[in-house]
Amino acid sequence: MRSASGQSWKWTTLLLVLAALLCFVDRAASVKENDFKKCHQSGFCKRNRAYADNALSQSSTWTSPYQITPESTSFQDGQLQAMVLKKINAEGGTVRLPLTFSFLKSGLARVSMDEERRQNKDIELRHNSPIRKERYNEAEKWSIVGGLDLDKEAQLVHQDNTQIVVKYGPEAKYEAAIKFSPFEVEFKRDGTTHIKLNDRGLLNMEHWRPKVDKPEGEAENGEDESTWWDETFGGNTDSKPRGPESVALDISFLDYEHVYGIPEHTGPMSLKQTRGGDGNFAEPYRMYNSDVFEYILDSPMTLYGSIPFMQAHRKDSSVGVFWLNAAETWVDIVKAKSSVNPLSLSKASTSTHTHWISESGILDVFVFLGPTPQDLTKKYGELTGYTAMPQEGAIGYHQCRWNYVSDDDVKDVDRKMDKHRIPYDVIWLDLEYTDDRKYFTWEPNSFADPVSMGEQLDSHGRKLVVLIDPHIKKQDEYVVSKQIVSKDLAVHNKEDNIYEGWCWPGSSNWVDCFNPKAVEWWGSLFKYDFFKGTLPNTFIWNDMNEPSVFNGPETTMPKDNIHHGGWEHRDVHQLNGLTFHNATYEGMISRTKGERRRPFVLTRSFYAGSQRLGAMWTGDNQADWGHLKESLPMVLNQGIAGFPFAGADVGGFFGNPEKDLLVRWYQAGAFYPFFRAHAHIDARRREPYLLGEPYTGIATAALRLRYSLLPAWYTAFFHANRDGSPIVRPMFWTHPSEEGGFSIDDQLFVGSTGLLAKPVVEQNKDSVDIWIPDDEVYYDYFNYELMKTQKGKSVTVSAPLDRIPLLMRGGHIISRRDIPRRSSTLMRFDDYTLVVSVSKSAVAEGELYVDDGDSFDHEEGQYIYRKFSLSDNVLSSVDAEDRDTKSIKPKTWLKAMQDVSVDRIILVGAPSTWNKEEVQIESEGKTWTVRAQYHPAEKGRAAYVIVGRVGARIGADWSITLA
């Protein structure tokens, strides 16, 4: 959202308070790395890295102190139970760690380990703490929605005193070999080992032990206890009632050089090594959702959200792991080449070794054995949920800044966008629309008539999004504050009293959305009769939900705060944004009796499962070329990590972009799934119509491109909702056999359309080199130039400032709507244009999914889903699911779609046999002819045919004979 303010506060208060707040504002002006921990400043990370250093330095003699007792094992209905003993001293002392392997029908394997003593609550808490004694084990409740059915056909195929071998999954092609002493697991697919757990012996579950006061400097068993019981950083001290309780594990991907995922970080999509060396990071990737302001580039530093899902890929094989832990987590990555016999003809392969370290909670990891990238994203979606099907307007263009200063200002922007014929769907209000930073209120002078503002927007088919954050201004006469206190629905501090911290309103309390009663109460605040001035076209933006706390450690909540259920904040920190997002989503589904519409809720903080609830953006970026360039790998990485409804602030949040940067950002933003321009309160106004020509025209062209392709984008969202497919797709995902594309993260395919885009992200560049992943034909999208491409090589595409490098891969059929409108709502019943990019073999196929873009009626069959195909000189449309559509009684929208047709068809790469003046169409028992215009190839441009007006209903079966 925003992390600094040029405005004075709207209230007067004590000089001391004002000075403190201005201090917080000043420190937020740009990210200061020293405000956020490095591994050596995080006790549990430092300890586990040291543990790894010790183990690896003694690799020839090191033995992991964890072993399974053979007699403890039992296997039934796809689940293996065992007891792991951790040796803790030379006298034979041990700690008991219950272990469960769950082999799932989906082909996933789940490995979980707890600590028996904590599980049995047989520990003593320090400081008379009221918290739970167990390790946190409820992340599943928030992140997992399915895919946990056990594979009761799984077979124990071998067991002796050294190991157990289980075969599981479809056709029993997966195998887990579980070694007893030391504990180690080897996962195989089709007989080949792909993943190993604890093969380097770095498993470390810090067991409970009582605090024993010792002379200063004396350590237990040589271990550094300095951060076991409390820890100080940046002037804040974290009490640790349960003592040390971290969990760590090494996970190796054998013969895999590339690993992806674990967003959100800056840097390349193919993750770097983290143990130093030329071009590598020296710090682990950190996942600890934080308000990091103006974040730096190419860094493993934590950002606003996290998804602990990592994928490894090599030629024709993908595998992955999902580390289900909601505490602060660090991940080290090292890569090592295998040694080969010098007489061998085979090449040395590279394996990737990762080390996962979490502060608390149980060990809980899911293993994915692929074999394709599509398998991984689909299975991950089965576990954590697929992308919410958005409102259609939500994938249009969003106009935002901090802040539109009044309702008249909003109306004026709306009018001027229309005057300049610039399409948009949503305008946003940031913090200043509220009365004195009190959410669910309106500033009485600047926003005196929000209803008329909303009605004007609605008359143009547009929507309003307003900011609602989780911090509630502490003020006795503020009804929301009174209720959160009287109902005891806020987060507590370590003394179990309501926690008070500082954020934009000053002194604030934070709603605790782990509490079901808090979720119910929070939802009630969005009802129209409470949040007066809002209308059905008003939607919500959840910001600062990491949570951001200006006077908290690392600008967030103290880890020893207490949430509903008695869990410490350290246990659930990563989930906090998701729970708040969820509460808002639930509240928005029905704001009045009988209304059930798809919500739109944007979140800044997220975790695994947040994709079910709405969209995210990459936070407080800067108006510079580096942040534009970095946005592409960040958005692509979100997609393969299961949260594809992602974007970055177009133009950059902080600063004032030069006009060439801003229009290039609009061109890139047209290929973000979430497309929003945003700016800081101190930034100059930069609505597209203010740029002047030629810049306004260039930005408008990018916006119109997005709008004309909305049918294709919406179909891509449909597939994300159905099977977890990324909406924008990197090369390794679409072409998993082509090694040259595995590290490419600056170009993308849009869904399954065959549209290949590479936005210009560098200043003064007037061409780009697009890497071509196959030997199919490629055409320029705009002028149908036949590109001179070669598989595995790059083709140079001219890209002056007014041109977006965009190619069409042969073999695809793309749906468009070509009439310029000012919002997607006004396009709902426009006819369609189909663009056919003919392949080398003169075939093509594509899909179109469309529903009312607003309600949940699509769940009752109120949608159109067509499959288009070109084969043997016939272009046809059939129902993609072969549904009995006659049994579905059409509601209002589906009835209206009876009058929507295919207007034109453009066939690019047309053979000369299609050179006809007319073509014949058959549909719904009728036959007719329409005009065809054949344009022969010339000057590098492919031949093409324009057929129209076609007149066949978009929802009907039809065919066109072309030759």
Side-chain angles (χ1 to χ4, degrees), residues 189 194 253 256-265 267-271 307 309-322 352 368-384 386-387 608 611 631-647 671-673 712-713 715-759 770-776 778 791-792 806-809 811-812 846-847:
R189 186 185 70 233
H194 292 265
F253 301 97
Y256 289 88
E257 182 175 359
H258 293 278
V259 290
Y260 311 95
I262 61 168
E264 177 185 32
H265 302 94
M269 188 177 64
S270 180
L271 301 174
I307 300 173
F309 178 37
M310 179 182 285
Q311 298 149 74
H313 185 73
R314 68 182 186 216
K315 183 178 172 63
D316 293 324
S317 183
S318 283
V319 296
V321 294
F322 172 41
T352 298
F368 299 68
L369 291 177
T372 68
Q374 291 84 350
D375 290 323
L376 266 61
T377 48
K378 186 175 191 300
K379 300 302 183 187
Y380 176 78
E382 287 178 7
L383 274 184
T384 64
Y386 295 129
T387 299
Q611 69 273 8
S631 70
L632 293 175
M634 292 179 77
V635 169
L636 285 169
N637 211 22
Q638 285 290 138
I640 62 170
F643 197 168
F645 198 178
F671 293 94
Y672 298 157
W713 281 98
T715 302
F717 271 88
F718 162 73
H719 285 297
N721 174 259
R722 281 278 180 105
D723 63 16
S725 302
I727 293 162
V728 289
R729 302 173 178 180
M731 299 302 100
F732 92 89
W733 202 92
T734 59
H735 291 77
S737 298
E738 304 307 317
E739 295 176 284
F742 293 174
S743 60
I744 292 177
D745 55 16
D746 59 357
Q747 62 184 57
L748 55 88
F749 280 104
V750 177
S752 59
T753 62
L755 289 172
L756 177 57
K758 184 171 183 176
I770 300 180
W771 182 79
I772 302 300
D774 51 42
D775 60 5
E776 187 51 81
Y778 283 80
K791 178 181 176 180
L806 180 61
L807 306 182
M808 294 187 292
R809 181 179 182 273
H812 297 268
E847 293 182 330

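Values below: every heavy atom of this structure, side chains too, minus hydrogens, waters and symmetry copies.
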Colleague: If I take atom CG from residue L755 and atom CZ from residue R729, how far apart are they, to the nearest 0.5 angstrom?
Modeller: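 With rounding to 0.5 Å, CG (L755) is 11.5 Å from CZ (R729).
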Colleague: Using ring centroids (six-membered ring only for Trp), state whether F742 and H313 fall under 6.0 Å.
Modeller: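 Yes, the ring centres sit under 6.0 Å apart.
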Colleague: Evaluate the ring planes of F749 and Y778, with Trp represented by its six-membered ring, and classify them as parallel (under 30°), tilted (30 to 60°) or perpendicular (over 60°).
Modeller: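 F749 and Y778: tilted rings.
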Colleague: Looking only at heavy atoms, which two atoms of L807 and I772 are closest? And how far apart?
Modeller: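 Minimum heavy-atom separation between L807 and I772: CD1-CD1, 4.2 Å.
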Colleague: Quick one, N637 and V635 - any side-chain contact, counting heavy atoms below 4.5 Å?
Modeller: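 With C-beta onward as the side chain, the pair stays apart.
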Colleague: To the nearest 0.5 Å, tell me how far T715 OG1 sits from E847 CD.
Modeller: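 So the OG1 of T715 and the CD of E847 are separated by 7.5 Å.
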Colleague: So, does Q311 use its side chain to make a donor-acceptor pair with the main chain of L376 at under 3.5 Å?
Modeller: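 A pair under 3.5 Å: no.
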Colleague: For a quick test of reading the model, state the closest non-hydrogen atom pair linking P263 to Q638 and the distance between them.
Modeller: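 Scanning both residues, the minimum pair turns out to be CB-OE1, 3.3 Å.
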Colleague: Measure the spacing between OG1 of T387 and NE2 of H719 and express it to the nearest 0.5 Å.
Modeller: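 Between atom OG1 of T387 and atom NE2 of H719 there are 13.0 Å.
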Colleague: Kindly indicate, with the supporting measurements, whether the criterion side chain to side chain contact (heavy atoms under 4.5 Å, CB included) is fulfilled by M269 and M731.
Modeller: CA-CA 11 Å; M269 188 177 64; M731 299 302 100; over 6 Å; no
Colleague: Answer yes or no: is there a side-chain heavy-atom contact under 4.5 Å between E264 and F643?
Modeller: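 No; the side chains remain at least 4.5 Å from each other.
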Colleague: Kindly say whether W771 contributes a backbone atom to a donor-acceptor pair with the side chain of Q747 at under 3.5 angstrom?
Modeller: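 Pair found, side chain donor or acceptor close to backbone of W771.
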Colleague: For Y256, does its backbone N or O pair with a side-chain atom of T352 as donor and acceptor, under 3.5 Å?
Modeller: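 Side chain of T352 to backbone of Y256, a donor-acceptor pair under 3.5 Å: yes, one is there.
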Colleague: Could you give the distance from CG (L632) to CD1 (I744), rounded to the nearest 0.5 Å?
Modeller: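 That separation rounds to 13.0 Å.
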Colleague: Indicate the atoms forming the closest heavy-atom contact of I307 with A608, along with that distance.
Modeller: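 Looks like CG1-N, 4.1 Å.
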Colleague: I want to know whether F322 and F368 have ring centres closer than 6.0 Å.
Modeller: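 So the answer is no for these two rings.
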Colleague: Once salt bridge (Lys or Arg N to Asp or Glu O under 4.0 Å) is applied, do any residues pair with K315, and if so which ones, sequence neighbours excluded?
Modeller: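 Salt bridge (Lys or Arg N to Asp or Glu O under 4.0 Å) list for K315, sorted by chain: empty.
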Colleague: Specify the closest pair of heavy atoms between D375 and G370, including all atoms of both residues, with the distance to one decimal.
Modeller: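 Looking at all heavy atoms of both residues, the closest pair is OD2-C, 3.5 Å.
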Colleague: Is there a side-chain contact between W733 and S725 in this structure, where contact means two heavy atoms from C-beta onward sitting under 4.5 Å apart?
Modeller: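 With C-beta onward as the side chain, the pair touches.
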Colleague: Measure the acute angle between the ring planes of H258 and Y260, then classify it against the limits of 30° and 60° as parallel, tilted or perpendicular.
Modeller: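 Because their plane-to-plane angle is under 30°, the rings of H258 and Y260 count as parallel.
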Colleague: Can you give me the closest heavy-atom contact between I640 and P726, atom names plus distance?
Modeller: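 Closest heavy-atom pair between I640 and P726: CG2-CG, 4.2 Å.
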Colleague: So how far is it from E776 CD to R809 CZ, rounded to the nearest 0.5 Å?
Modeller: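 The CD atom of E776 sits 5.0 Å away from the CZ atom of R809.
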Colleague: Is F309 close to T384 at the side-chain level, that is, under 4.5 Å between some pair of heavy atoms?
Modeller: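 When only atoms from C-beta onward are counted, F309 and T384 do not touch, as no gap falls below 4.5 Å.
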Colleague: Should P673 and V728 count as side-chain neighbours, where that means a heavy-atom distance under 4.5 Å?
Modeller: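 In short, these two side chains touch, coming nearer than 4.5 Å.
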Colleague: Taking the side chain as every heavy atom from C-beta outward, state whether T753 and H812 have any atom pair closer than 4.5 Å.
Modeller: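 Not in contact.
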Colleague: Restricting to non-hydrogen atoms, name the atom on L748 and the atom on L636 that form the minimum distance, rounded to 0.1 Å.
Modeller: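 Nearest heavy atoms, L748 then L636: CB-CD2, 3.9 Å.
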Colleague: Taking the side chain as everything from C-beta on, heavy atoms only, tell me whether K378 gets closer than 4.5 Å to E382.
Modeller: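 Yes - at least one pair of side-chain heavy atoms lies under 4.5 Å apart.
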Colleague: Decide yes or no for E738 and D774: does some side-chain heavy atom of the first lie under 4.5 Å from some side-chain heavy atom of the second?
Modeller: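 Result no, sub-4.5 Å side-chain heavy-atom pair not found.
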Colleague: Could you grab the distance from atom CG of D723 to atom CZ of F718, nearest 0.5 Å is fine?
Modeller: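 Answer for the CG-CZ pair, D723 versus F718, is 8.5 Å.
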